[in-house]
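Below: the structure, in structure tokens.
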Amino acid sequence: MREHLADLLRWWLADRPVAAATVTGTTGSAPRPVGATMLVGPDGAVLGSVSGGCVEAAVHVEAELVRDAGVARALRYGAGLEAATGVGLTCGGAIDVFVERLDRVTFPRLDDVVAAVHAGQPVAVLTCVAGPRHRLGRRMLLGPWGEHGSLGDARLDAAAVRDARAALAAARTEVRRHTDDLSVLVTPYPPPPRMILFGATDHVAALATVGAQLGYRVTVCDARPAFATRRRFPSADEVVVDWPHRYLAAEAAGARVDGRTVLIAMTHDPKFELPLLEVALAGPAAYVGAVGSRRAHAERLTRLRAAGVDAGALARLAGPVGLDLGASTPAETAISIAAEVIAVRTGRAGGPLGRGHERIHVSPVHPPEVLTHP
């Protein structure tokens, strides 16, 4: 729901209730993951999606009822349920949806949450989505202010805080089951992952736009002040004039490069590229790539070996960067590179869906933490 927080806050500040329908469970080939949210505003306007279209109309009707009456509901849609609900999923899977009303009473510190998220500070929202009626919809917050609210039990609160910290570290929304009938939706808002692009070309500008659309905080770095300008890279969050390897080394030393960071060398110049890649491959980044032809990449590997970079580190280097889409323009190349970044993150091969055998939509499965409460 990160992309709709500004709209939600606007309604909240105007004291106009909103309904939020959130996916809390999936079975089979469900179209949207746990945490996907559809907001239904005070005027019926829809933001977001829970199914990609299959059950949106039915959820919209339920959401308006919950928004007006204020009574949360747990719904299920999917294969085999059409007779009961009149609605099914064309993908053959099933989804659980929790629908709740959001207003100043049910979400009293929404403004603090939005401010923290926009400032890049980690926040987690914990909501009881299954359990006794008196706990359904209860909420806790974890943020720069500490802990706020309660799920109704001290042991449950302590477990929920542990779950929130783990979810923030993994940047993963999940539902945690604490007893046979009590479950908590853990929605983390970690600082956005970084994408650092080295070089100042039209291809970098195109990739900066795509990276921003994918939710990355994008930095463009180049040592040439005439090329590295804000005007040339309006989609980047920051444009840095510095030698690439020096900038990256400083960011790494300041713990501003982590296991979610994407680093891509697009300088086409060995004097910038080689020292940069030595620093990049020694760090924890999730993805390190470099543009160029196959011949240029072979020469790159030879130089890096001569510089003492070991085989394990070289195996992490994606090059020539991108999937083989036949891309030629900057925009096409950006899509090719972004597609490989996504494939590496998800552990997929990146081939045509029609020729694959894995499930298209796969939700991570985590063992439940079952606690005993008095």
Side-chain angles (χ1 to χ4, degrees), residues 2-3 5 113-124 142-145 164-172 188-201 204-205 207-225 227-230 232-267 272-291 304 309 312-313 316-319 321 334 337-338 340-342 344-345:
R2 184 189 292 261
E3 65 270 30
L5 284 176
V113 169
V114 175
V117 171
H118 286 170
Q121 298 173 308
V123 177
L142 181 70
W145 55 81
R165 297 190 190 284
L168 280 167
R172 182 180 60 223
Y189 294 95
R194 299 190 68 189
M195 176 180 284
I196 309 179
L197 308 176
F198 299 94
T201 67
V204 171
L207 184 53
T209 298
V210 175
Q213 291 172 337
L214 292 176
Y216 286 93
R217 178 175 176 81
V218 180
T219 299
V220 173
C221 175
D222 193 281
R224 303 165 298 173
F227 292 88
T229 64
R230 167 60 63 184
R232 295 191 69 210
F233 303 99
S235 297
D237 293 282
E238 56 183 349
V239 179
V240 175
V241 179
D242 199 350
W243 278 73
H245 74 283
R246 184 168 61 191
Y247 172 73
L248 181 58
E251 293 300 284
R256 293 182 291 275
V257 175
D258 60 26
R260 298 189 298 150
T261 302
V262 170
L263 306 173
I264 304 177
M266 305 178 74
T267 63
F272 293 122
E273 180 182 272
L274 294 176
L276 164 65
L277 291 176
E278 289 184 57
V279 175
L281 292 171
Y287 179 95
V288 180
V291 301
L304 288 171
V309 179
R316 296 178 54 215
L317 178 59
V321 68
I337 296 172
E340 185 177 50
V341 170
I342 295 170
V344 169
R345 176 174 57 81

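The structure presented is a predicted model; accordingly, all values stated were derived computationally and were not measured.
The two residues A208 and L197 make their nearest non-hydrogen contact at N-CD1, 3.7 Å. When all heavy atoms of V123 and P144 are compared, the pair lying nearest together is CG2-CD, 4.2 Å. Considering all non-hydrogen atoms of both residues, R2 and P192 come closest at NH1-CD, 4.2 Å. Heavy-atom minimum distance, L168 versus P190: CD2-N, 3.8 Å. Here the closest non-hydrogen pair linking A212 and S235 is CB-O, 4.0 Å. Heavy atoms only, all atoms of each residue included: A171 and P188 are closest at C-CG, 4.4 Å.
Contact check for V210 versus I337: no side-chain heavy atoms found under the 4.5 Å cut-off. Contact of the L263 side chain with the F198 side chain is registered, since non-hydrogen atoms from C-beta on lie closer than 4.5 Å. Residues T261 and D258 have side chains in contact (heavy-atom distance under 4.5 Å, counting atoms from C-beta outward). Within the 4.5 Å cutoff, the side chain of V204 has no heavy atoms near those of the D222 side chain.
Between the OH atom in Y189 and the CD atom in Q121 there is a gap of 15.5 Å [rounded to 0.5 Å]. Between F272 atom CZ and R246 atom CZ the span is 10.5 Å, to the nearest 0.5 Å. Atoms CZ and CZ, on R260 and R345 in that order, are 10.5 Å from each other to the nearest 0.5 Å. Atom OG1 of T219 sits about 12.5 Å away from atom CZ of F233, to the nearest 0.5 Å. Taking SG of C221 as the reference point, atom CE of M266 lies at 13.5 Å (rounded to 0.5 Å). Of the inter-residue distances, the one linking R256 atom CZ with L248 atom CG reads 10.5 Å to the nearest 0.5 angstrom.
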TODO: Evaluate the side chain to side chain contact (heavy atoms under 4.5 Å, CB included) criterion for residues L207 and M195: first the C-alpha distance (whole Å), next the side-chain angles of each, then the deciding distance (0.1 Å), finally the verdict.
DONE: CA-CA 10 Å; L207 184 53; M195 176 180 284; 4.3 Å; yes

Open item on the list: Show, in sequence, the C-alpha distance, side-chain angles and deciding distance for L317 and L304, and conclude whether the side chain to side chain contact (heavy atoms under 4.5 Å, CB included) test is met.
Closed with: CA-CA 11 Å; L317 178 59; L304 288 171; 3.9 Å; yes

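A 6.0 Å sphere centred on CZ of R165 holds no more than 12 heavy atoms belonging to other residues, nucleotides or ligands.
Judged by distance alone, with hydrogens and angles left aside, the side-chain atoms of R194 form no donor-acceptor pair with the main-chain N or O of V257 at under 3.5 Å. For R230 (side chain) and A236 (main-chain N/O), a donor-acceptor pair under 3.5 Å exists by modelled atom type.
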All N/O donor-acceptor pairs, side-chain side in residues 273-289, below 3.5 Å, sequence neighbours left out:
unit_1 : atom_1 : unit_2 : atom_2 : d
E273   : OE1    : R300   : NH2    : 3.3
E273   : OE2    : R300   : NE     : 2.8
Y287   : OH     : E340   : OE1    : 2.5

